[in-house]
Chemist: 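One structure coming up, written as structure tokens, with questions to follow.
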Amino acid sequence: MLVSWNTTNACNLRCLHCYRNAGEIKGAELTTAEAMAMIEGIARSGFKIMIFSGGEPLLRPDLYELVEYARKSGLRPVLGSNGTLITGDVAARLKKAGIMAAGISLDSLDIERHDYWRGAQGSWQAAVEGMRACRREGLPFQIHTTVVDWNYNDVEALTDFAVEEGAIAHHIFFLVPAGRAADIKEGSLTSGQHEELLHKILKKQEEVKIELKPTCAPQFMRIAKQMGLKLRFSKGCLAGIAYCIISPPGDVQPCAYLDIPLGNVKELPFGEIWKENSILNRLRTEKYQGSCGICQYRKICGGCRARAYFYTGDYMGEEPWCEHKQTLAGRDE
């Protein structure tokens with residue numbers, strides 16, 4: 001199980017698709033002591049991996065202290081960053097504190113398009129320099145790409161770039177309309193494009209040694225099964241089942257893109273929220289609506305719950321960008 005903590009809303013970039021609408025600090029973020037108590041609750045609840053993300057987590061002054069605390073609590077700390085602030089010294093400090101790997105965002109090999117998407121000139125070069133600093137310091141890193149209509153055909157070339165730069169993985173995030181991304185929802189891929197790209201990614205996985213992981217496109221599990229591929233993953237959408245996220249002020253959500261506050265760790269212990277919240281327990285029933293409810297792959301896919309919520313108003317609703325649902329018309333349980 002894994003949990004992601006948005007350590008701060010502060011960020012040095014203004015990415016067009018930011019689900020957290022990051023930039024400036026908004027409201028009272030968790031103090032060091034509150035964050036430590038939360039980390040203890042996360043570890044006691046059986047989580048194994050803790051993602052320190054943002055905003056930009058490197059803007060949080062006590063980040064290294066909290067990473068070390070998470071590691072000593074038995075968690076595997078990893079970093080989700082735009083990479084632009086990672087120097088050799090920063091990479092060395094992250095590694096010493098206990099960060100096991102850093103995820104760095106890179107959305108295109110076209111420098112100008114990446115910089116526009118990320119809202120800051122020079123962000124492409126700084127991110128790549130951050131990757132190279134990690135590599136020099138022996139800190140494993142992976143590349144994170146958010147895919148939309150304009151970089152849809154760039155994904156395989158970015159995988160090749162990841163291999164060349166020494167990344168351990170390339171994770172491809174399919175746009176979900178949340179935060180600022182709701183303003184650019186027209187850039188989301190169609191169901192046909194989802195299907196085509198997922199096939200390409202899974203085929204590419206057979207050609208490269210690094211891990212390729214589609215995210216927010218849980219249909220990759222169904223496609224892998226149809227292709228006869230064996231993956232290490234057990235389910236596509238983990239929201240509320242084996243994954244959740246915590247906002248900078250401490251609100252727990254089922255996932256980054258499913259903006260439904262479940263409780264605040266300042267008021268309730270994390271473990272209590274995770275175990276007892278009614279929305280989380282409903283997600284765990286896997287009793288989905290529409291085509292997702294009658295799909296033979298629902299146990300390994302689950303559909304994107306955040307995308308279903310955005311388009312249908314029901315987090316248990318039908319996944320709108322699934323090509324397979326066309327084959328389920330009129331099918332009974």
Side-chain angles (χ1 to χ4, degrees), residues 4 6 9-24 26 53-56 80-84 103-124 126-127 143-158 170-198 200-201 213-220 237 239 245 247-248 253-260 303-315 317-323:
S4 180
N6 296 142
N9 207 65
C11 191
N12 59 320
L13 302 185
R14 295 295 183 276
C15 304
L16 295 180
H17 62 296
C18 180
Y19 67 84
R20 189 53 71 193
N21 198 14
E24 307 300 327
K26 300 175 182 177
S53 64
E56 173 48 55
S81 170
N82 61 46
T84 61
I104 297 176
S105 301
L106 197 74
D107 300 301
S108 179
L109 297 181
D110 184 319
I111 296 174
E112 291 185 3
R113 296 188 82 175
H114 172 92
D115 287 358
Y116 173 77
W117 183 246
R118 291 284 164 179
Q121 189 173 5
S123 59
W124 188 95
I143 290 179
H144 292 170
T145 298
T146 297
V147 61
V148 286
D149 53 3
W150 66 264
N151 64 352
Y152 169 73
N153 292 313
D154 300 341
V155 172
E156 292 168 286
L158 280 162
H170 182 201
H171 287 197
I172 301 100
F173 292 74
F174 287 62
L175 185 75
V176 179
R180 287 200 286 265
D183 296 329
I184 54 171
K185 58 181 180 296
E186 293 78 8
S188 297
L189 303 185
T190 65
S191 58
Q193 288 174 319
H194 266 80
E195 193 84 2
E196 182 181 13
L197 183 55
L198 288 171
K200 287 181 178 180
I201 292 169
K213 171 64 166 61
T215 299
C216 301
Q219 298 84 4
F220 83 92
C237 182
I245 192 166
S247 73
Q253 299 175 205
C255 85
Y257 310 101
L258 190 51
D259 190 9
I260 304 176
C304 176
R305 296 299 96 214
R307 200 173 284 115
Y309 183 67
F310 180 84
Y311 287 101
T312 73
D314 182 0
Y315 58 86
E318 179 179 284
E319 153 74 77
W321 297 135
C322 178
E323 191 80 353

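The residues of the chain are indexed from 1 along the displayed sequence.
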Chemist: Do Cys237 and Cys304 have side-chain heavy atoms sitting under 4.5 Å apart?
Modeler: no
Chemist: State which residues pass side-chain hydrogen bond (donor to acceptor under 3.5 Å, both in side chains) with Ser105; sequence neighbours excluded, sorted by chain then number.
Modeler: none
Chemist: First locate atom NE2 of His194, then atom CD of Glu323, and finally report the distance between them rounded to the nearest 0.5 Å.
Modeler: 11.0 Å
Chemist: Taking atom types as modelled and ignoring hydrogens, do the side chains of Asn82 and Glu56 form a donor-acceptor contact shorter than 3.5 angstrom?
Modeler: yes
Chemist: Can you tell me if Arg20 uses its side chain to pair, donor with acceptor, with the backbone of Gly54 under 3.5 Å?
Modeler: no
Chemist: Between the main-chain N or O of Cys216 and the side-chain N or O of Arg307, is there a donor-acceptor pair closer than 3.5 Å?
Modeler: yes
Chemist: Between Asn6 and Ser53, do the side chains contain an N or O donor and an N or O acceptor separated by less than 3.5 Å?
Modeler: yes
Chemist: Between Arg305 and Gly317, is there a donor-acceptor pair closer than 3.5 Å when you use the side chain of the first and the backbone of the second?
Modeler: yes
Chemist: Given side chain to side chain contact (heavy atoms under 4.5 Å, CB included), test Val147 with Leu189 step by step and report yes or no.
Modeler: CA-CA 8 Å; Val147 61; Leu189 303 185; 4.3 Å; yes
Chemist: Would you call the rings of Trp321 and Tyr311 parallel, tilted or perpendicular, taking 30° and 60° as the class edges?
Modeler: perpendicular
Chemist: Measure from the side-chain N and O atoms of Asn151 to the backbone N and O of Val148, and report whether any donor-acceptor pair falls under 3.5 Å.
Modeler: yes
Chemist: On the 0 to 90° scale, with breaks at 30° and 60°, tag the Tyr257-Tyr19 ring pair as parallel, tilted or perpendicular.
Modeler: perpendicular
Chemist: Please check: side-chain N/O of Gln253 versus main-chain N/O of Cys255, any donor-acceptor pairing under 3.5 Å?
Modeler: yes
Chemist: In terms of the angle between their ring planes, are Trp150 and Trp117 parallel, tilted or perpendicular, with boundaries placed at 30° and 60°?
Modeler: perpendicular
